Protein chains: 2
Amino acid sequence: MDARTQWDAGRSEEWADVTPDAARRLLTAAVQAFAERGYHATTTRDIAGRAGMSPAALYIHYRTKEELLYRISGIGHRLALGIVSRARDGGGDPAGRLSAAVQDFVRWHAEHHTTARVVQYELGALGEEHHAEIVALRRETDAAVRSIVEDGVAAGEFDVPDVRGTTRAVLSLCIDVARWFREDGKHTPGEVGELYADLALRMVGYAHK
Amino acid sequence: MDARTQWDAGRSEEWADVTPDAARRLLTAAVQAFAERGYHATTTRDIAGRAGMSPAALYIHYRTKEELLYRISGIGHRLALGIVSRARDGGGDPAGRLSAAVQDFVRWHAEHHTTARVVQYELGALGEEHHAEIVALRRETDAAVRSIVEDGVAAGEFDVPDVRGTTRAVLSLCIDVARWFREDGKHTPGEVGELYADLALRMVGYAHK
DNA sequence: GCCGAACCTGAGCAAGCGCTTAGGGGGAGT
DNA sequence: ACTCCCCCTAAGCGCTTGCTCAGGTTCGGC
């Protein structure tokens, strides 16, 4: 057993297919450091140190510090997009699909709030091209949730005067979980997910029961 | 007329009582720079340059770069607290007060999204003591909104299973406006405020009409 | 036993950072 | 006219930053 539990808050299967091992250690070290201090306040020496290597080792696996952020951001955004896509394509009525989307999306943001913090709040530090690529992924996520809301409106289940605005509000609510969630808080990620799924249904005017 | 409109996105009465003039110029320049690049990515040379001064001039009015952030954060948080406090102490039923609180809070975050971005997302860069002081202000804001929600529940107007969690969600929703709002977007600050006030009432289960 | 490839380190470079210091200019008071 | 004080700048100090490079270690295949 290595020192994994020290810096790896929670499971880390999300990085399972990053190879070789040293590259993965550097990546998870970077996630931790970026989440704690922010991208610009993190030094390459800090990242390398957390991974148990010399500063120079970083540049064997990544060309720049920004590439680390780009890789993290890419993996995180694709994971998030996968979560809402699965909910959109899942069976059931719009209310059930929206509920599942919010619940899973929120739970991911809470469980992996370290990663999520970097993914959601540090993308301004990306280079121009990388930034554009990531923004495209975000728009897909947005569209997936919006299509669920649109389905609900079309089916007469939801009462939403402003679909775009309300969809953004729901996503905004979920994303902000990464900012305030603490492990030592009163609620588990699952509980927050349930509460937020209910709040989302209320926001779209779903007349339940 | 100086170059004010260039860096001052929107009105700036919020800094009216910062004197002397040079200190205020530096402060607003810092707000702009921090909002664009983040605290750590902003250099003192950049701030001074935007204010039309040499780097050294900054240290006549502020002891450190961190003090600039502290001042900005203090003014911003006190303003935000004032907004929700006024709504809490205003007349009317809980629904009206919650609606007013959210509407004004959101409008401030949209109108002054530059300031709000710094206030809400850069407080991790504050020193320990300053951070604690600001966190105390945030807790007051939280408590103000929560007391409105509690009033609504006590009056039987609201249906809220988890008061703390729902209150945090409402505030979270409002705060996140500072992250995504753009001036060239489809909605004005007032429109976003109205939409969000309605969403907040839905979240607390207010049976309107 | 030798080779080449993969991986890593120690040392350090150029640039940029927050901040300091010595001194100049100009307006108000006398 | 002189002083005093406030506000400012030019220059630069000490340090840290992202990143580089020459060289060393380890390993499987022959």
Side-chain angles (χ1 to χ4, degrees), chain A residues 2-3 15 17-34 36-73 118 122-131, chain B residues 2-3 15 17-34 36-73 118 122-131:
Chain A
D2 54 9
W15 316 115
D17 47 302
V18 177
T19 54
D21 184 71
R24 183 174 48 252
R25 266 157 53 216
L26 284 164
L27 209 78
T28 54
V31 168
Q32 202 73 9
F34 291 164
E36 273 176 31
R37 315 195 194 320
Y39 174 81
H40 287 293
T42 299
T43 69
T44 54
R45 283 167 234 271
D46 182 18
I47 297 169
R50 284 172 194 251
M53 300 182 194
S54 79
L58 196 154
Y59 293 90
I60 294 162
H61 301 282
Y62 303 95
R63 268 176 315 173
T64 62
K65 176 180 151 187
E66 191 262 0
E67 193 188 328
L68 269 167
L69 178 61
Y70 170 59
R71 292 285 176 85
I72 293 165
S73 218
V118 178
E122 300 291 335
L123 64 162
L126 288 169
E128 223 173 306
E129 292 176 23
H130 290 165
H131 183 82
Chain B
D2 54 9
W15 316 116
D17 48 302
V18 177
T19 53
D21 184 70
R24 182 174 48 253
R25 268 158 53 217
L26 284 164
L27 208 78
T28 54
V31 168
Q32 203 74 8
F34 290 164
E36 273 177 31
R37 314 196 196 318
Y39 175 82
H40 287 293
T42 299
T43 70
T44 54
R45 286 161 173 78
D46 183 17
I47 297 168
R50 285 173 193 249
M53 300 181 194
S54 80
L58 197 154
Y59 293 90
I60 294 162
H61 301 282
Y62 303 95
R63 269 176 314 172
T64 62
K65 175 180 151 186
E66 192 263 358
E67 193 188 329
L68 269 167
L69 179 61
Y70 171 58
R71 292 286 177 83
I72 293 165
S73 219
V118 178
E122 300 292 336
L123 64 162
L126 287 170
E128 221 173 306
E129 292 176 22
H130 290 165
H131 182 83

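First the proteins, then the strands, lettered A, B, ... as listed; each starts at 1. Since we're looking at a predicted model, the values are computed, not measured.
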Checklist entry - So do the side chains of A/Leu126 and A/Tyr39 get within less than 4.5 Å of each other, counting heavy atoms only? => result no

Item to check | Rounded distance in Å - CG (A/Asp46) to P (D/dC19) | outcome: 15 Å

Next on the checklist: Side chain of B/Ala56, heavy atoms from C-beta onward: which of D/dT9, D/dC19, C/dC19 has the nearest atom to it?
Outcome noted: D/dT9

Next on the checklist: Looking at A/Tyr59, I'd like to know whether one of its side-chain N or O atoms comes within less than 4.0 Å of OP1 or OP2 on D/dT20.
Outcome noted: no

Item to check | Lys/Arg-Asp/Glu bridge criterion (N-O < 4.0 Å) met for B/Glu66, B/Arg71 | outcome: no

Next on the checklist: How long is the straight-line distance from OH of A/Tyr62 back to CG of A/Leu69, given to the nearest 0.5 Å?
Outcome noted: 12.0 Å

Checklist entry - Of all the nucleotides listed (D/dC8, D/dA11, C/dC19), which has the minimum atom distance to the side chain of B/Ala22? => result D/dC8

Checklist entry - To the nearest angstrom, how far is B/Leu69 atom CG from C/dG18 atom C1'? => result 15 Å

Item to check | Name of the residue among A/Ile47, A/Ile60, A/Leu26, A/Leu58 meeting side chain to side chain contact (heavy atoms under 4.5 Å, CB included) with A/Met53 | outcome: A/Leu26

Item to check | Closest to side chain of B/Thr43, choosing from D/dC19, C/dT20, C/dG18 | outcome: C/dG18

Next on the checklist: Do A/Val118 and A/Ser73 make a side-chain contact, defined as non-hydrogen atoms from C-beta onward lying under 4.5 Å apart?
Outcome noted: no

Item to check | Short side-chain N/O contact from B/Thr44 to OP1 or OP2 of C/dG18, under 4.0 Å | outcome: yes

Checklist outcome for this item: When rounded to whole Å, the OH to C1' distance for the pair B/Tyr62 and D/dC8 reads 16 Å

Next on the checklist: I need the NZ-C1' distance between A/Lys65 and D/dT16, as an integer number of Å.
Outcome noted: 12 Å

Next on the checklist: Tell me the interatomic distance from A/Ile60, atom CD1, to D/dG24, atom P, rounded to whole angstroms.
Outcome noted: 16 Å

Item to check | Spacing between B/Leu58 atom CG and D/dA10 atom C1', to the nearest angstrom | outcome: 16 Å

Next on the checklist: With a 3.5 Å cut-off and heavy atoms only, can you find an N or O donor on one side and an acceptor on the other between the side chain of B/Arg45 and the base of C/dG16?
Outcome noted: no

Checklist entry - Which residue lies toward the 5' end of DNA chain D, A/Ala41 or B/Met53, if each is placed at its nearest nucleotide? => result B/Met53

Next on the checklist: Using whole Å, what does the distance between atom C1' of nucleotide D/dG18 and atom NE2 of B/His40 come to?
Outcome noted: 17 Å

Item to check | Short side-chain N/O contact from B/His61 to OP1 or OP2 of D/dC8, under 4.0 Å | outcome: yes

Item to check | D/dA10 phosphate, OP1 or OP2, under 4.0 Å from B/Ser54 side-chain N/O | outcome: no

Checklist entry - Whole-Å distance between D/dC7 P and B/Arg25 CZ? => result 12 Å

